[in-house]
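For reference, the structure is listed below as C-alpha cells.
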Amino acid sequence: MAVSLGFHIIFACVGMVMPFLMIASHGLWLKTKEPVYYEMTRAWVKGVAILFAVGAVSGTVLSFEIGLLWPVFMDHAGPIFGMPFSLEGTAFFIEAIAIGFYLYGWSKIDPFIHWLSGWLVGIAGIASGIFVVAANSWMNAPAGFVWVDGHAINIDPIKALFNDAWFSQALHMTIAAFEAVGFAVVGIHAYFLLKGPKNVFHTQAIKIVIWFAVIAALLQPLSGDHSAKDIAHRQPLKLAAAEALFKTQNYAPLGIGGIPDMVKETVNDDIKIPGALSFLSFGRADAQVKGLDDFSRENWPPVPVVHYAFELMVGCGMFLAAIGLIFVVHFFRKKDILSKKWFLKLLVLCTPLGFIALEAGWTVTEVGRQPWIIYGIMKTKDALTPMPGLVFPFLTITLLYMFLAGMVLWLMVRQFKAVSMKNYDTDKQV
C-alpha cells in the first residue's frame with residue numbers, strides 16, 4: 001500500500017496542477033496568437049495525457065488494494081467515509097471527459113469553449129485530490145459516527161467528510177502539489193535553457209510556471225504553521241514524534257536536525273531554538289508542549305522515521321521558499337534573474353525537491369498516526385488482511401510501477417527533446 005501510494009501521489013499531484021499550466025499558456029495564445037504559446041500548450045497537454053493515463057492505472061490498483069488488504073477497516077469505515085471516495089470518483093470521470101474534449105477539440109469546437117474545457121480538467125483534478133485527502137483526514141480525525149462495542153452507529157457522512165482535519169490537510173496538500181509540480185516543470189525547462197540560452201520556448205515556459213511555483217513555495221510555510229497548530233491540538237503524539245520531543249515541557253525548543261536516541265530518549269547533534277516549538281504550536285513561548293513521555297510507549301509511532309521525514313520535508317520546503325524569495329526580490333528590483341546561469345542551475349537543482357518534500361510529508365502524516373489506522377479507535381494490525389503470501393502481489397505491483405515509471409520517463413524525455421529541437425531562438429521565432 002505504501003509503495004502504491006508513494007507512486008500514485010506523484011501522478012495525482014501532476015493531474016491537479018499541470019492543467020492550470022496548460023490553460024495559462026493556452027490563454028496567452030488566444031490573447032497574443034504567438035506560435036510559441038500554441039506549441040507550449042500542445043506539448044504540455046501531451047504530458048498531461050501521458051501522466052493522466054498512468055495515474056489512472058495506479059489509482060485503479062489502489063482502489064483494489066484498499067478493499068483486499070484492509071477488509072476489517074473497510075467493513076467498519078466504508079459506510080462512514082464512502083462519500084468522499086464516491087465524490088472523488090465523480091470528479092475523476094468529469095476530469096477524464098474534459099480531457100477528451102480538450103485533447104480532440106482543437107479547431108473542432110469554439111476556441112473559448114475549448115479553453116474552458118481545460119479549466120474543467122484543472123478544477124476536477126483539484127476536487128479529486130481534495131476528496132481523497134478528506135478521506136485520509138478522517139482517519140486522522142474520526143468524525144460522523146458513534147463507536148459502540150466495536151461498531152459504528154449514528155453515521156453522518158457529511159460530518160465525516162468535513163472532519164476537523166480536512167481543511168488543514170487539503171490546503172497543505174494542494175499548495176504542496178503546486179509547489180512540487182511547479183518547480184519540477186521549471187527545473188526541466190531551466191535544464192534545456194542552459195543547453196540553449198536563446199530558446200524562446202523554454203524561456204517563456206519558465207516565465208509562466210515560475211509564478212505558480214514561487215507563490216506556492218511562499219504560501220507553504222504559512223500553511224505548515226496552520227497544520228502544526230492543528231496537529232498540536234489534535235495529535236500531540238504525532239508532533240512529539242516529528243520533533244523527537246521526549247519530555248513534556250514549557251518553553252519547548254524547536255529542534256533542527258538531530259539523531260534520536262531511542263534508548264537514552266534524547267536527540268544528538270541537533271540545533272535547538274528555545275521556546276520556538278511552544279510558540280509555533282500554541283502562539284506562546286511559555287506554552288506546554290506534550291512530549292512522548294506523556295503517552296504509553298506501545299502507542300508511539302516509529303519516532304526516527306517520522307522525525308527524519310519531517311526534517312526532510314521542512315528542509316526542502318524552506319529551501320524552495322528561499323529560491324522563491326530570491327526570484328521575487330529580483331523581479332521587483334526589475335533585474336532579469338532568469339538570464340543568470342547560476343539561478344538556472346539552482347532551478348535545475350530544485351527539480352526533485354518538491355516531490356521529495358511531498359513524499360516526506362505523506363510519510364509524516366501516515367507513519368506519524370501509527371499504530372492507529374483510525375486514530376484512537378482501530379489499530380492498523382487489527383485492520384490488515386490475515387491472508388498469507390502478500391509478498392508476491394507486492395513484488396508484482398512494484399515491478400509494474402517500475403515499468404510504468406520507466407515508460408513515463410522515456411516518453412517525457414522524448415517529448416521534451418522533440419520540442420527543444422524546434423527553432424525557437426530569440427533571433428528567429430517560428
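A quick note: this is a predicted structure, and the numbers were derived from the prediction, not measured.
Shortest non-hydrogen contact noted between Leu384 and Pro71 is C-CD, 4.4 Å. Looking at every heavy atom in both residues, Val209 comes nearest to Trp44 through CG2-CH2, 3.5 Å. Across all their heavy atoms, Met16 and Ile126 have their closest contact at O-CD1, 3.7 Å. Pairing each heavy atom of Phe212 with each of Phe20, the nearest pair is CZ-O, 3.9 Å. In this structure, Ala383 and Met378 approach most closely via the heavy-atom pair CB-SD, 3.8 Å. Across all non-hydrogen atoms, the minimal contact from Val367 to Pro301 is O-CB, 3.4 Å.
Dense packing is recorded around NZ of Lys33, with more than 12 heavy atoms of other residues, nucleotides or ligands lying under 6.0 Å away. Atom CH2 of Trp119 has 12 or fewer heavy atoms from other residues, nucleotides or ligands within 6.0 Å. Residue Lys46 qualifies as open at atom NZ: its count of foreign heavy atoms under 6.0 Å is 12 or below. Residue Met74 qualifies as enclosed at atom CE: its count of foreign heavy atoms under 6.0 Å is above 12. Summarising the local packing, CZ of Phe101 is surrounded by 12 or fewer heavy atoms from other residues, nucleotides or ligands at distances under 6.0 Å. The neighbour count for Phe343 CZ, taken as heavy atoms of other residues, nucleotides or ligands under 6.0 Å away, is above 12.
By the side-chain hydrogen bond (donor to acceptor under 3.5 Å, both in side chains) test, Gln220 is found to be paired with His172, residues two or more places apart in sequence or in another chain being considered. Partners of Lys207 according to the side-chain hydrogen bond (donor to acceptor under 3.5 Å, both in side chains) rule, which considers only residues two or more places apart in sequence or in another chain, do not exist here. With sequence neighbours excluded, the residues that form a side-chain hydrogen bond (donor to acceptor under 3.5 Å, both in side chains) with Thr41 are Ser25. The side-chain hydrogen bond (donor to acceptor under 3.5 Å, both in side chains) search around Tyr401 returns Ser4, not counting sequence neighbours. Residues that satisfy the side-chain contact (heavy atoms from CB on, under 4.5 Å) test with Asp270, not counting sequence neighbours, are Val267, Lys272.
Between the Ser137 side chain and the Ala134 main chain, a donor and an acceptor come within less than 3.5 Å of each other. Using modelled atom types, no side-chain atom of Trp166 and backbone atom of Trp138 make a donor-acceptor pair closer than 3.5 Å. Side-chain atoms of His226 do not come within 3.5 Å of backbone N or O of Leu222 as any donor-acceptor pair. Checked by atom type and distance alone, the side chain of Ser278 pairs as donor or acceptor with a backbone atom of Ala287 at under 3.5 Å. Between the Thr396 side chain and the Phe392 main chain, a donor and an acceptor come within less than 3.5 Å of each other.
Below 30°, between 30° and 60°, or above 60°: for Trp372 and Tyr375 the angle between ring planes is above 60°, a perpendicular geometry.
Between Trp106 and His26, a ring centre-to-centre spacing shorter than 6.0 Å is recorded. Taking the six-membered ring for Trp, Tyr102 and His114 have ring centres closer than 6.0 Å. Separation of the Phe201 and Phe192 ring centroids does not fall under the 6.0 Å cut-off. Taking the six-membered ring for Trp and the full ring otherwise, Phe52 and Phe92 have centroids separated by under 6.0 Å.
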Working for side-chain contact (heavy atoms from CB on, under 4.5 Å), residues Arg297 and Met262:
CA-CA 11 Å; Arg297 186 150 188 156; Met262 298 304 295; 3.9 Å; yes
One pair to check against side-chain contact (heavy atoms from CB on, under 4.5 Å): Tyr37 and Thr32. What are the steps and the verdict?
CA-CA 9 Å; Tyr37 295 124; Thr32 66; 3.4 Å; yes
Please assess Asn199 against Thr203 for the test side-chain contact (heavy atoms from CB on, under 4.5 Å), listing each intermediate value before the final yes or no.
CA-CA 6 Å; Asn199 192 298; Thr203 301; 5.5 Å; no
Assess whether side-chain contact (heavy atoms from CB on, under 4.5 Å) is satisfied between Val36 and Trp29, documenting all intermediate values.
CA-CA 8 Å; Val36 66; Trp29 176 67; over 6 Å; no
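Rounded to the nearest 0.5 Å, atoms CD1 (Ile130) and CZ (Phe167) are 9.5 Å apart. In this structure, Glu366 CD and Ile373 CD1 are separated by 9.0 Å, a value rounded to the nearest 0.5 Å. To the nearest 0.5 Å, atom NZ of residue Lys345 and atom SG of residue Cys350 are 14.5 Å apart. Taking CG of Leu349 as the start and CD1 of Ile323 as the end, the distance is 7.5 Å to the nearest 0.5 Å. Here OG1 of Thr365 is found 10.5 Å from CZ of Phe310. Values are rounded to the nearest 0.5 Å. To the nearest 0.5 angstrom, Lys290 atom NZ is 12.5 Å from Leu245 atom CG.
Judged by distance alone, the side chains of Gln169 and Asp230 never bring a donor and an acceptor atom under 3.5 Å apart.
Residues Thr385 and Leu68 are not in side-chain contact: their nearest non-hydrogen atoms beyond the backbone lie 4.5 Å or more apart. Looking at heavy atoms from C-beta onward, Val17 lies out of side-chain contact with Val185 at the 4.5 angstrom threshold. No side-chain heavy atom of Phe73 sits under 4.5 Å from any side-chain heavy atom of Thr380. A heavy-atom distance below 4.5 Å is not found between the side chains of Phe331 and Ile337. Side chains of Phe282 and Val289 form a contact here, defined as non-hydrogen atoms less than 4.5 Å apart. Looking at Leu21 and Ile208, their side chains never come closer than 4.5 Å, going by heavy atoms from C-beta outward. Phe394 places none of its side-chain heavy atoms less than 4.5 Å from the side chain of Ile397. Taking the side chain as every heavy atom from C-beta outward, Leu312 and Ile356 approach each other to under 4.5 Å.
None of Phe145, Trp70, Trp147 except one satisfies the ring-ring contact (aromatic ring centres under 6.0 Å, His included) rule with His76; the exception is Trp147.
Among residues at least two apart or in separate chains, there is no side-chain hydrogen bond (donor to acceptor under 3.5 Å, both in side chains) pair with a member in residues 302-315.
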